[in-house]
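Given the structure is predicted, the values throughout are model-derived calculations rather than measurements. Remember, it's 1-based here, ligands and their atoms both numbered in the order they're listed.
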Amino acid sequence: MSRNLMLMMRSLETGKQSMASVLARYRMTLIERTKNHLGYPYNLDFEYGALAQLQHFSINNLGDPFIESNYGVHSREFEVGVLDWFARLWELEKNEYWGYITNCGTEGNLHGILVGREVHPDGILYASRDSHYSVFKAARMYRMECEKVDTLVSGEIDCENFKAKLLLHREKPAIINVNIGTTVKGAVDDLDLVIQTLEETGFSHDRFYIHCDGALFGLMMPFVKRAPKVTFKKPIGSVSVSGHKFVGCPMPCGVQITRLEHINALSRNVEYLASRDATIMGSRNGHAPIFLWYTLNKKGYRGFQKEVQKCLRNAHYLKDRLRDAGIGAMLNELSSTVVLERPHDEEFIRKWQLACQGNIAHVVVMPNVTVEKIDKFLNELIAERATWYSDDGKNQSPCVASDIGKENCLCSLHK
Ligand SMILES: *Cc1c(COP(=O)(O)O)cnc(C)c1O
């Protein structure tokens, strides 16, 4: 984006004529930035033209989705329809679940952990180191004691270490955040092993609460063959997912589903709303449920399944081509997140909008990441890399064996 445009966008004294031109130029930069995006798990491929007619309304679902408020411009029916769909996906009966459309995956985590805390007021929060930062934010906000559990190289929770930490606090209930796809490595925690570990250490089902953070894979896993199932038939308390990630939505949103019995523990009736207060936020985006409803209807189970398969296929293609080029890469089995060495050049990272952590970066293969886009990225990466590193041993690419495992790191090849 040009500096001139940036200044004009910041100005609140732009004349009418220039306003149109600022917006048109801003639109062009959005098109450009959308084209070269690889690093964040957002599906940027969607078409919601049919919903443009609704932008003239201030749709607000404040309060509880299941209880009518006095504010009439809402989209609760769409919201409940979407929630029913997710409850069915995660196998919780209509009359046994409660949930709402959140403003993002973070809000789902804040809510799930709050429900856990209300069910077990003196519970200790356990979360792996690779958990999303919102989980640790929840611990700070709610002033909960929190144990960070080690992870395996894959990014999965290390249940040996989990067991050791549980044994330190046997007398207190456990609230556990289980990752259905970690942010950086796309690792899926072994839910069954987590439950087994709890049982083996003497935690009966009424002494723990599991929140599943499925921000990214919550909606992908059900469509992956062989993937362990996230289901309320197992002793879990809540599941959350982001709506703007795999689903693709022009505004951030998310879905939170929990057991109805738990919600009574934290809700309060509010006369001003003529509703019940069980959500984190007050006013809630009433457009988001309509966008979700629209996509779920249009794609259906079959459509999502196809997209998930395409993402996994393309992710494998990217990983294989990286390795062919002598670049170490890791791809977890149930994931479309390809982890690779952090590119040497900040400009390159910015151009492709790669998310980085320490020595590694990742590409999250979403439905809009096509083979052509992957090829363009690879060709550029390979060409640029040749200028960053030399064969004489002076300028070597970083070894990332400790981040992605020795078997995935090919650093020995280009020494
Ligand atoms: C993205 C992400 C979140 C947060 O979701 P937002 O919608 O960005 O708030 C939480 N957990 C995981 C694992 C994520 O990948």
Side-chain angles (χ1 to χ4, degrees), residues 37-44 46 82 86 99-114 116 125-141 146 148-149 151 154-157 175-191 194 210-221 227 230 236 238-257 279-281 284-285 287-289 291-292 295 308 311 315 332 334-339 353-357 360-366 369:
H37 173 268
L38 284 183
Y40 293 82
Y42 307 145
N43 177 9
L44 304 183
F46 49 74
V82 170
F86 278 91
Y100 72 105
I101 308 243
T102 59
N103 285 303
C104 58
T106 294
E107 191 183 342
N109 285 347
L110 294 182
H111 193 272
I113 293 166
L114 181 61
L125 178 63
Y126 299 84
S128 86
R129 287 181 191 290
D130 283 24
S131 301
H132 190 256
Y133 59 84
S134 58
V135 172
F136 304 108
K137 174 156 66 185
R140 286 197 305 277
M141 283 170 71
C146 176
K148 268 190 192 173
V149 181
T151 44
S154 67
E156 262 176 76
I157 189 167
I175 297 161
I176 309 99
N177 175 71
V178 168
N179 295 305
I180 309 303
T182 60
T183 310
V184 176
K185 294 181 176 176
V188 177
D189 290 346
D190 188 336
L191 175 59
V194 165
I210 294 177
H211 169 69
C212 296
D213 175 3
L216 174 56
F217 293 164
L219 192 46
M220 295 177 75
M221 287 260 297
V230 174
I236 61 173
S238 45
V239 185
S240 58
V241 63
S242 289
H244 55 288
K245 288 188 173 173
F246 181 69
V247 182
C249 195
M251 71 276 283
C253 59
V255 174
Q256 162 75 346
I257 299 282
T279 54
I280 300 273
M281 296 299 163
R284 297 189 298 108
N285 186 331
H287 289 270
F291 281 81
L292 294 177
T295 302
V308 168
C311 290
N332 275 312
L334 305 168
S335 165
S336 69
T337 300
V338 179
V339 183
Q353 303 162 60
L354 301 178
C356 300
Q357 183 174 295
I360 53 175
H362 72 194
V363 169
V364 186
V365 179
M366 287 281 103
V369 177

Exercise. Using atom types as modelled and distance alone, determine if a side-chain donor or acceptor of Asn332 lies under 3.5 Å from a backbone N or O of Lys185.
Key: yes
Quiz: residues 214-221 side-chain donor-acceptor pairs under 3.5 angstrom, not counting sequence neighbours:
none

Quiz item: With no hydrogens and no angle check, is any side-chain donor or acceptor of Asp189 less than 3.5 Å from a backbone partner on Asn179?
Solution: yes
Quiz item: Under 30°, 30 to 60°, or over 60°: which ring-plane class applies to Tyr42 and Tyr40, parallel, tilted or perpendicular?
Solution: parallel
When you pair each N or O of ligand 1 with protein N or O atoms, which pairs come out under 3.5 Å?
| from | atom 1 | to | atom 2 | distance (Å) |
| --- | --- | --- | --- | --- |
| ligand 1 | 5 (O) | Ser242 | OG | 3.4 |
| ligand 1 | 7 (O) | Gly105 | N | 2.7 |
| ligand 1 | 7 (O) | Ser242 | OG | 2.9 |
| ligand 1 | 7 (O) | His244 | NE2 | 3.4 |
| ligand 1 | 9 (O) | Gly105 | N | 3.4 |
| ligand 1 | 9 (O) | Thr106 | N | 2.9 |
| ligand 1 | 9 (O) | Thr106 | OG1 | 2.7 |
| ligand 1 | 11 (N) | Asp213 | OD1 | 3.2 |
| ligand 1 | 11 (N) | Asp213 | OD2 | 2.6 |
| ligand 1 | 15 (O) | Thr183 | OG1 | 3.4 |
| ligand 1 | 15 (O) | Lys245 | NZ | 3.0 |

Practice problem: Would you kindly say whether Asn177 and Asp213 are connected by a side-chain donor-acceptor distance under 3.5 Å? | Solution: no
Quiz item: Would you call His211 and Ser240 a side-chain contact if the rule is heavy atoms closer than 4.5 Å?
Solution: yes
